[in-house]
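Okay, structure first, notes after.
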Amino acid sequence: MPKRKSAPAEEPEGEPARRRSVRLQKPEDATPKPGDAGARKRVKATKKEAPEPEAEEPAAAKKAAPAKSKTTKAAEDATTTNGTAAPEGEPGQRNYWLLKAEPESRLENGVDVKFSIDDLAARTEPEPWDGIRAYAARNNLRAMKKGELAFFYHSNCKEPGIVGTMEIVREHTPDLSAHNPAAPYYDPKSSPSDPKWSVVHVKFRSKFPAPVTLKQLREMGGAGGPLANMQMLKQSRLSVSRVSEGEWEAVLKVMEGK
DNA sequence: GCCAACGTTGGC
DNA sequence: GCCAACGTTGGC
């Protein structure tokens with residue numbers, strides 16, 4: 001399963017195209033309202049196959065992950081294992097995060113997974129950051145606390161970089177989109193009775209006047225630089241990473257200089 | 001548990 | 001579209 005799945009394999013019957021981008025949303029996740037929610041994010045892709053109708057409605061999707069097979073447990077351990085665990089939330093200590101989404105159209109399981117900072121800014125309800133299908137990324141999602149802030153990063157596009165900020169408004173809840181065969185990041189290995197994946201809900205906070213590009217981030221990531229230990233630079237494939245307070249401030253400083 | 005093969009992410 | 005980096009799987 002290539003990440004891009006390209007075509008539509010099956011079309012979801014239920015939902016033809018959903019929204020703009022990425023995932024769709026569905027409100028099921030818990031959150032309140034139905035409306036919009038769902039969204040995007042990227043994680044890995046998954047596969048699609050097997051449709052088990054368990055899903056509940058269409059859900060949203062995002063990226064998926066590799067689901068693997070069997071060993072569920074093993075997998076989970078793995079999860080934990082590599083999971084980059086998140087920093088523990090120290091009491092009183094505030095953590096910052098970086099979440100990646102793709103601002104350009106791309107089909108995943110037949111669904112366009114595009115989701116940009118502008119898409120988030122247009123939302124009127126908390127947006128579920130769904131589709132994460134990598135344990136390390138998921139573990140970081142689970143470590144997020146309400147009120148914490150995160151950077152919105154545009155990946156797999158013309159100008160990769162941090163384009164704005166958002167706030168975690170709801171801590172992790174099960175990512176039900178994983179059970180929807182029509183969702184972009186459907187994961188047949190996850191069951192409603194034992195959900196493997198999680199979402200957090202976020203809300204838009206700001207859009208930078210100009211992106212802080214990946215190129216700039218790397219320049220600040222050199223030895224001795226303010227981003228020398230930044231997780232996203234060290235683990236380029238991680239779609240949900242941790243950001244220290246110093247890193248957060250260094251990026252904002254660059255943004256302000258623009 | 002180690003580690004090689006595999007498969008995905010994501011920049012270019 | 002290519003391909004390097006690296007996370008995940010699965011045999012041993």
Side-chain angles (χ1 to χ4, degrees), chain A residues 1-7 9 21-23 39-50 61-86 97-117 129-143 151-163 175 178 183-190 196-198 211-222 227-243:
Chain A
M1 31 208 97
K3 98 185 353 201
R4 331 154 159 270
K5 300 191 141 245
S6 24
S21 8
V22 177
R23 356 241 90 26
R40 58 293 321 11
K41 320 33 192 264
R42 71 183 44 292
V43 174
K44 315 172 146 237
T46 351
K47 25 217 58 293
K48 32 185 93 262
E49 11 202 291
K62 307 166 150 216
K63 313 233 56 295
K68 319 320 265 28
S69 25
K70 37 216 82 298
T71 11
T72 317
K73 291 186 159 215
E76 304 238 338
D77 296 343
T79 314
T80 330
T81 312
N82 33 300
T84 313
W97 310 94
L98 181 148
L99 306 187
K100 298 179 181 180
E102 300 176 63
E104 296 176 5
S105 291
R106 183 174 69 75
L107 296 180
E108 191 69 63
N109 194 20
V111 181
D112 190 348
V113 296
K114 168 187 175 296
F115 191 74
S116 69
I117 184 74
W129 202 268
D130 56 12
I132 299 302
R133 302 289 182 270
Y135 293 114
R138 177 258 251 167
N139 290 343
N140 274 337
L141 280 182
R142 291 184 175 182
F151 283 131
F152 191 118
Y153 179 91
H154 279 174
S155 70
N156 201 18
C157 59
K158 273 333 187 180
E159 186 176 57
I162 295 173
V163 297
D175 183 353
Y185 298 102
Y186 170 56
D187 178 7
K189 301 306 193 293
S190 183
K196 292 169 55 179
W197 309 114
S198 303
V212 174
T213 67
L214 175 60
K215 181 180 178 182
Q216 291 179 296
L217 295 174
R218 284 175 170 164
E219 290 170 352
M220 296 190 280
L227 305 186
N229 296 308
M230 194 174 194
Q231 188 176 30
M232 85 140 280
L233 292 176
K234 296 195 163 199
Q235 292 174 259
S236 64
R237 293 173 47 192
L238 235 200
S239 59
V240 179
S241 61
R242 191 181 340 141
V243 174

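Per chain, numbering begins at 1; letters A, B, ... match sequence-line order.
Residue A/Leu238 contributes atom CG, which lies 8 Å from atom P of C/dT8 at whole-angstrom precision. The nearest whole Å value for the distance from the NZ atom in A/Lys196 to the P atom in C/dT8 is 11 Å. Atom CD of A/Gln235 is separated from atom C1' of C/dA4 by 16 Å (rounded to the nearest Å). Following rounding to the nearest Å, A/Arg138 (CZ) and C/dG7 (P) show an atom-to-atom distance of 16 Å. With rounding to whole Å, A/Lys234 atom NZ is found 23 Å from C/dA4 atom P. Between the P atom of C/dG7 and the CD1 atom of A/Ile132 lies a distance of 15 Å, rounded to the nearest Å. The separation between A/Trp197 atom CH2 and C/dT8 atom C1' is 10 Å, rounded to whole Å. Note: CG (A/Leu214) to P (B/dG11) measures 6 Å, nearest angstrom.
For A/Thr213, the side-chain contact (heavy atoms from CB on, under 4.5 Å) partners two or more places apart in sequence, or in a different chain, are A/Glu159, A/Lys215, A/Gln216.
Among the nucleotides C/dT8, B/dC12, B/dG10, the one closest to the side chain of A/Tyr135 is C/dT8. Proximity note for A/Tyr153 (side chain, C-beta onward) versus C/dT8, B/dG10, B/dG11: the nearest is B/dG11.
Contact check for A/Val240 versus A/Arg138: no side-chain heavy atoms found under the 4.5 Å cut-off.
With ring centers used as reference points, A/Tyr135 lies under 6.0 Å from A/Trp197.
Judged by distance alone, with hydrogens and angles left aside, the side-chain atoms of A/Gln231 form a donor-acceptor pair with the main-chain N or O of A/Arg242 at under 3.5 Å.
At a threshold of 4.0 angstrom between heavy atoms, the contacts of A/Lys215 with the nucleic acid are absent.
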